[in-house]
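See structure below.
Chain identifiers are assigned alphabetically (A, B, ...) following the order of the sequence lines, protein sequences preceding nucleic acid strands; residue numbering begins at 1 within each chain.
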Protein chains: 2
Amino acid sequence: MDLLESISRERNLPVTIQRRVVLNALLDRDDHPTVDQLFEDVKVRMPGVSRTTIYRALETLVELGLARRTNHFEASARFDGNTDHHHHLVCRRCNHVADIDHPSLKKFTPPHLGNTAFKVLDYSIHLEGLCAECQKRGSKSAPKKQTAKRPRALSR
Amino acid sequence: MDLLESISRERNLPVTIQRRVVLNALLDRDDHPTVDQLFEDVKVRMPGVSRTTIYRALETLVELGLARRTNHFEASARFDGNTDHHHHLVCRRCNHVADIDHPSLKKFTPPHLGNTAFKVLDYSIHLEGLCAECQKRGSKSAPKKQTAKRPRALSR
DNA sequence: CTGCCTGCAAACGATTTGCACCAGC
DNA sequence: GCTGGTGCAAATCGTTTGCAGGCAG
């Protein structure tokens, strides 16, 4: 009945108290907490935890498929001069974002939720998966810590 | 014929060379450049620009509706313990993300792009707009610089 | 035991901000 | 001339990393 335990065993990862508490804190909420919100929650049960541990636990939980990031996070913001609405392919491994314009995406029309609750101004469909390059690279190689390097930083 | 100029005039904003060059740099690319990529492009034409200016010009261009951010960016990462696939409402003003489960969203099925190009593992639909609260607040009030504050930072 | 994990502090990198000067209109 | 924009440097803030102990298996 304990998913965390069985999945951890499969991967030969120890089940630490911290990871268990972080997971429970996450499951106890129905919103999309930030690391710091979870940190506060976890601190109640484990006054000694460090924020770093929350970061690492979440990273592990995502790898184990027990949690998700709700924002397609990247180190840096990206901009687009194309203000028409179009959809995106997001590579799970390298985070590369490509535009897509496929006929079957045109068939979708967003629901009208009634202007009271949430006024829909636009919508976009995110297809998540693996880009051609990352498929070739296989699941072994580096999970790709993508930090757009800033050529010469005029350091302080 | 000059969109930047007419929109700027509407809002009583000056048309600076910098903003014009940043917009052109953005339009000249068909990918989703980062601030630093644009900075490099702009530097070719204006050796003296500062990165800060690119940041500020992009912010303005987004406000004017001439550019977009391609990643729903927030200062901090958010996590979700709900690994079922579900869709999101993203408020343009306050960046709040809510889950949504509306019947009409079920009708959508993602395209198979052929496993060669991009292997779709999952998809999600982002509805962008204004949440109830922000609709009430109207378009006047603070654009909401949302920085999840970290209670007591044990400062150095 | 052995390896992965934790906590701490310092490093990092993207973005923001305060300030003095300059440019559109 | 007034208002808002720019450039610079320093500050911020989220996140990552190096390292010395600790704990799960």
Quiz item: Where along nucleotides 18-25 of chain D does protein come under 4.0 Å, by heavy atom, of base (B) or sugar-phosphate alone (S), with - for untouched nucleotides?
Solution: B-----SS

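Rounded to an integer number of Å, the gap from A/Arg11 CZ to C/dG3 C1' is 17 Å. Rounded to whole angstrom, the span from the CG atom of A/Leu23 across to the P atom of C/dC5 amounts to 15 Å. Rounded to a whole Å, the CD atom of B/Glu59 is 15 Å from the P atom of D/dG4. Across the protein-nucleic acid pair, A/Ile54 atom CD1 and D/dT15 atom P stand 12 Å apart, rounded to whole Å. For the pair B/Asp36 CG and C/dC12 C1', the computed distance is 14 Å after rounding to whole Å. To the nearest angstrom, P of C/dA23 lies 10 Å from CD of B/Gln18. Between A/Leu38 atom CG and D/dG14 atom P the separation is 14 Å, expressed in whole Å. Taking atom CZ of residue A/Arg51 and atom P of nucleotide C/dA9, one finds them 13 Å apart after rounding to whole Å.
Note that the CZ atom of B/Arg78 and the CG atom of A/Leu58 stand 13.0 Å from one another [nearest 0.5 Å]. To the nearest 0.5 Å, the span separating CG on B/Leu4 from CG on B/Leu13 amounts to 9.5 Å. Between A/Leu26 atom CG and A/Leu38 atom CG the span is 5.5 Å, to the nearest 0.5 Å. From B/Asp31, atom CG reaches atom OG1 of B/Thr70 across 9.5 Å, with rounding to the nearest 0.5 Å.
Evaluation of the ring pair (Phe, Tyr, Trp, His ring centres under 6.0 Å) rule for B/Tyr123 yields B/His85, B/His87, B/Phe108 as partners, not counting sequence neighbours. Qualifying salt bridge (charged side-chain N to carboxylate O under 4.0 Å, His left out) partners for B/Asp99, counting only residues two or more places apart in sequence or in other chains: none.
Sorted by first and then second residue, the pairs that involve residues 7-47 of chain B and meet ring pair (Phe, Tyr, Trp, His ring centres under 6.0 Å), not counting sequence neighbours, are A/His88-B/His32.
Between A/Thr53 and C/dG7 there is a side-chain N or O to OP1 or OP2 distance below 4.0 Å.
In this structure, of D/dT15, D/dG5, D/dG7, it is D/dT15 that holds the atom nearest to the side chain of B/Ala77. The side chain of B/Tyr55 has C/dT15 as its nearest neighbour among D/dC8, C/dT15, C/dC8. Across C/dG7, C/dT15, D/dG7, the shortest atom-to-atom separation from the side chain of B/Val49 is found for D/dG7.
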Give the table of side-chain donor-acceptor pairs shorter than 3.5 Å for residues 14-21 of chain B, with sequence neighbours excluded, one pair per line with atom names and distance.
from: B/Thr16; atom 1: OG1; to: B/Arg19; atom 2: N; distance (Å): 3.2
from: B/Arg19; atom 1: NH2; to: B/Pro14; atom 2: O; distance (Å): 3.1
from: B/Arg20; atom 1: NH1; to: B/Asp2; atom 2: OD2; distance (Å): 2.5
from: B/Arg20; atom 1: NH2; to: B/Glu5; atom 2: OE1; distance (Å): 3.4

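Taking a cutoff of 4.0 Å between a charged side-chain nitrogen and a carboxylate oxygen, B/Glu59 and B/Arg56 do not qualify as a salt bridge.
Relative to the axis of its first five pairs, the axis of the last five pairs of the helix from C/dC1-D/dG25 to C/dC25-D/dG1 sits at 40°, rounded to 10 degrees.
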